[in-house]
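Below is one structure, written out as structure tokens; comments come after it.
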Amino acid sequence: MSPPLVYTPLDEIDSVRDDLDATFRSGRVSSIDYRKYLLTQIAYMLRDNTVAIEDALFSDLGKPKFEVHMLEIDLAITEIAIVLKNLSKWAAPEKLAFSLVWSATRRVVYKQGKGVCLIVGPFNYPISVCVRPIVSAIAAGNTVVFKPSESTPAMSALFAEMFPKYIDPGVLRVVNGGVEVMEKLLDMRWAHLVFTGSTRVGRIVSIAAAKTLTPVTMELGGKSPVLIHPSCDMQIAARRILWGKVLNAGQTCIAPDYVLVPKELQAEFVGALKKAHDEFYPDGPLVPGAMGKMVTVEAFKRVAGLLKATQGTIAFGGDADEVAKAIAPTVVVDVPFDDALMSEEIFGPVLPIISVDTLDEGIEFVNKGEHPLAIYVFAKDEQSKKKVISQTQSGAISMNDVVLHAASHELPLSGIGASGSGALYGKYGFDTFTHFRASMDPPNWLDMVLGIRYPPYTERNIKLSSYFCPSIPSRPPP
Amino acid sequence: MTTLAYTPISEIDAFHAQLDATFRSGKLQSIPFRKYLLLQIGYMLKDNTQEIVDALHKDLGKPDLETHALEIGPMYNEISDTYAHLEEWSKPTKPPFSLLFQPLRRVVYKQGKGVCLIIGPFNYPISMCVGPIISAIAAGNTVMFKPSEATPAMSALFAEMFPKYVDSSVLRVVNGGIAETSKLLELTWGHILFTGSGRVGRVVATAAGKTLSPVTLELGGKTPVFIDPSCDLETTTRRLLWGKVTNSGQTCVAPDYVLVPRHFQETFIEALKKTHDSFYPQGPFAPNAMGKMINEQAFKRVSGLLEKTRGTVVFGGQVDEATKAIAPTVVKDVSFDDPLMSEEIFGPLLPVIPIDTLEEGIAFVNKREYPLTVYVFSTDSTFKAKIIKSTISGSIVMNETLWQAGCDGIPFGGIGPSGTGFHNGKYGFDTFTHFRASLDSPSWVDILLKLRYPPYTATKIKRSGLVFWGLPGKRPTGPPSATAGSRPYKKWIMVFVALVLAGALRKGNLLGVRKLL
């Protein structure tokens, strides 16, 4: 059985940060070889402890083994592989194109670490969503405080046990705790803070970070809509949408939250969903290991409550087991715009289906709400796709599939508005944690030209100064 | 005296809604339209150059050459650079080849973020305001622009000029003080770019946290200067003093204080004096020779620091309260805890601190908050490299001052208390851009990817590991040692093998050709 979660004593946290700051200032993590070593260590940590991770995630989230591999460990190791392959290139000073005016200044942009970074992880994907930013932070030459979620006690205890065996605690420290520990951490200044979690807590974290002028990257939430267009492949759409919904029992920040389907296609779509559901769960979804569970009793009650309050009709599913914190994948049809299921991000395996008359009506509804993390469009018609891209705003916009964009390592994971700010994964993650330090070293002889800037300020020099600016293209017609 | 007309607070919501409606209309998605707007801004500056010169002279006593060379000039550069590259920067980008994901037609769209708020400082109303405005519009946003109330003539001119060149439904100038700015900060923005003090920066960041508006903060700090005896004294003192006297020291990247080897202090000071005299043959208070302090309060603050210093004034020291003028003043033998070292000076006083070792200087700088920039005057590459490696700052500039703020291709920004984020050129464009990931998954990829669907079988678990990359490299036996000499040899062996293969292939070809013949 996994060890119980031990909270880090509050009075240790200052010295933890000081330690990590001392390591950063010592210059040790500026070595590319050392960073590569650390990243390889993390990969081996995941491989060596696969069984322990499977057990911990099953204990905390009922996460099926396959999901632990495909959506957690494999994604994290692939991130490491991609970063290792590109690290020397990404960390090298920026090459600048020749400029007649500026090249003589010997300008350059150095890539340096920012310092001690704080990464606050969510409960839903402790491995992939936490380790990937950790990898970016270390790759960019920082030291890290990692605060995993207290809602996943087995996994967070395992992190605290595993990491020190592979990474020097002077470089990365796991800090466990609840609200008090978070408040203490947020009182301190960080070189960068990545927070993944709810929009509500994201605001609290951003306000706290502002006091210390800590730059933040926020990966928050929202209701990611699915827009169905008649030109789509209905069977494929239904299967993929259901897949995205059932992962981790719907507790995925980019899960398809609700569907907007043309009225006349609702029945066909629901039929396709049912077919996919039965293919997924030949023995039923509540069979052990078939599906994840709600993370806590509170989460179970919240989602079950939304389902209870819906004005829509349950097409299939609806089974729930409070003791096991399990909710079966449930499709609800004829859901009105102002339904209980539409009042908040569902974060559970319940799929509301709202029928609309046109794509435009769907777009209009989506635009009334906050910008979501993702918008999903199922269509073959290019015009429709372009319309949604141009008339909506969201972190990502994915055609004919869901969730996968977060698995393709070289696409940015970013929110916008209430769904977040900044970008993570791949080079985007690396750049997030990198300080771009501009530099130049102009030779003396440039003053033959630039000397006109010095006092005394003469009319002649004012005239000459205009010659050193590029002229702008001609005036546009009125 | 100019009285600046403040925008009625009751109108601000409607202005914000209008800018939002313009953004949502998709009008700014047109690249030609953005380019048109950029040129309009350029011609606004061209047509109103004299009015701008007059306004900045009124507000800041800014000499004409400074307005031309450091305000308007750099904007033509920014407009040219952005205009020339706009198609390239705004083009969707494709991520590198991936065997698995290639069929998914991944792309990253560059889109605007929405209505962006730009709050400008008093010291460089043109370059530090119009620069970010150019980036925001280039990236496809609409803009609410709040210039400083401390420069009433220039801010009134902005309110009058801008609507004639850029429609107010695309860019709106809002003037006001604390109340109006607070109202603006209650609203939600696609991005906020603030230039000013750290104290106000925190207020802005806090408000932005409430509305989850992303921020870029260009703040301040005490910019240190390291002097090395290997430097060319004449060029060094000219570039250094120029950086200090420009805008009467009211530049966020002005050299704040100097660290010089004790034995070199006198030589250095003498050279500074010589340069000063060459700058001001009629003295620094001659008409148009130098800028003035922005207001009474700033004048009192800076002259107060001068009064309290325990260092020795080498030259300068004259002040004129009526004109808010302070002469360029060099103070030597300043100690680490002198009043001149208690805050960012933001005035034309240059403290010179003698140090005994470079390490002492670096340690002192590192004890303090990270500055916006660090200056190093030296021709010794070891000296330079040491400071680059051992200090943390927004930028680090060798043998020059100020130009990094307007140089093409490099970012302008701070770190820690000196700021978050950056702008200038593509860095500015990217700051105001939303990177929207996208993919388009054909139905047939499920032939490969159907293993993702339940039911979850043991075979699928085995196969999933194959879908992604294998474990990177061999298990390390320990952290790398200081010398990792094997790598270069590996490279040369590869080159050798390649050459041999190339030679063999050519030989093979010749044989093949002979066979055909």
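Proteins come first, then strands; the chains are lettered A, B, ... in the order of their sequence lines, and each starts at number 1.
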Any side-chain to backbone donor/acceptor pair from [X] onto [Y]? Under 3.5 Å, distance only.
X	Y	result
B:Gln111	A:Gln393	no
B:His434	A:Gly395	yes
A:Tyr44	B:Arg475	yes
A:Arg25	B:Ser390	no

### Task
Name the orientation class of the two ring planes belonging to B:Phe279 and A:Tyr454 (parallel below 30°, tilted from 30 to 60°, perpendicular beyond 60°).
parallel
Taking all heavy atoms of [X] and all of [Y], pick out the closest pair and write down the distance.
X	Y	answer
A:Trp243	B:Pro454	CD1-CD, 4.2 Å
B:Tyr76	A:Pro470	CB-O, 3.7 Å
B:Tyr43	A:Arg475	OH-N, 3.1 Å
A:Leu411	B:Ser438	CD1-O, 4.0 Å
B:Tyr456	A:Leu247	OH-CD2, 4.0 Å
A:Arg437	B:Ser395	CG-CA, 3.9 Å

### Message
Using the ring pair (Phe, Tyr, Trp, His ring centres under 6.0 Å) criterion, which residues pair with B:Trp189? Sequence neighbours excluded.
### Response
B:His16
Counting heavy-atom pairs under 4.5 Å with chain A, which one of [options] comes out on top?
options	answer
B:Gly416, B:Ala84, B:Pro417, B:Cys407	B:Cys407
B:Met75, B:Gln40, B:Arg106, B:His68	B:Arg106
B:Gln404, B:Arg238, B:Lys389	B:Arg238
B:Gly201, B:Pro95, B:Ala207, B:Pro455	B:Pro455
B:Ala69, B:Ala286, B:Gly394	B:Gly394
B:Asp408, B:Asn399, B:Thr235	B:Asp408

Looking at [Y] and [X], is there a salt bridge between them, counting it only when a charged N and a carboxylate O are closer than 4.0 Å?
X	Y	result
A:Glu67	B:Lys460	no
B:Arg239	A:Asp447	yes
A:Lys380	B:Asp440	no

### Message
Tell me whether A:Lys65 at atom NZ has more than 12 heavy atoms from other residues, nucleotides or ligands lying less than 6.0 Å away.
### Response
no
### Query
Take atom CD in A:Glu370; do more than 12 heavy atoms of anything else shown fall under 6.0 Å from it?
no
#### Entry: A:Lys385 portion near chain B, given a 4.5 angstrom heavy-atom threshold
side chain
Can you measure from [atom1] ([X]) to [atom2] ([Y]) and round to the nearest 0.5 angstrom?
X	Y	atom1	atom2	result
B:Glu400	A:Asp441	CD	CG	10.0 Å
B:Leu65	A:Asn461	CG	CG	6.5 Å
B:Arg24	A:Ser390	CZ	OG	12.5 Å
B:Thr211	A:Ile207	OG1	CD1	9.0 Å
B:Tyr453	A:Phe66	OH	CZ	11.0 Å
A:Thr50	B:Ile461	OG1	CD1	11.5 Å

With the side chain counted from C-beta on, respond yes when [X] and [Y] share a heavy-atom pair under 4.5 Å apart, and no when they do not.
X	Y	answer
A:Arg453	B:Leu70	no
A:Ile416	B:Phe435	no
B:Tyr109	A:Ile389	yes
A:Glu410	B:Phe101	no

### Task
Name the member of A:Pro285, A:Ser474, A:Gly115, A:Ala418 that forms the most heavy-atom pairs with chain B at distances under 4.5 Å.
A:Ser474
### Task
Assess whether side chain to side chain contact (heavy atoms under 4.5 Å, CB included) is satisfied between B:Val397 and A:Ser439, documenting all intermediate values.
CA-CA 5 Å; B:Val397 172; A:Ser439 186; 5.7 Å; no
#### Entry: Where at least one partner belongs to residues 201-216 of chain B, residue pairs that pass salt bridge (charged side-chain N to carboxylate O under 4.0 Å, His left out), sequence neighbours excluded
none
### Query
Do A:Arg240 and B:Ser441 get their side chains close enough for a donor-acceptor pair, meaning under 3.5 Å?
yes
### Query
Would B:Leu104 and A:Ser408 count as a side chain to side chain contact (heavy atoms under 4.5 Å, CB included) if you check the C-alpha gap in whole Å, the side-chain angles of each, and the deciding distance to 0.1 Å?
CA-CA 9 Å; B:Leu104 273 78; A:Ser408 164; over 6 Å; no
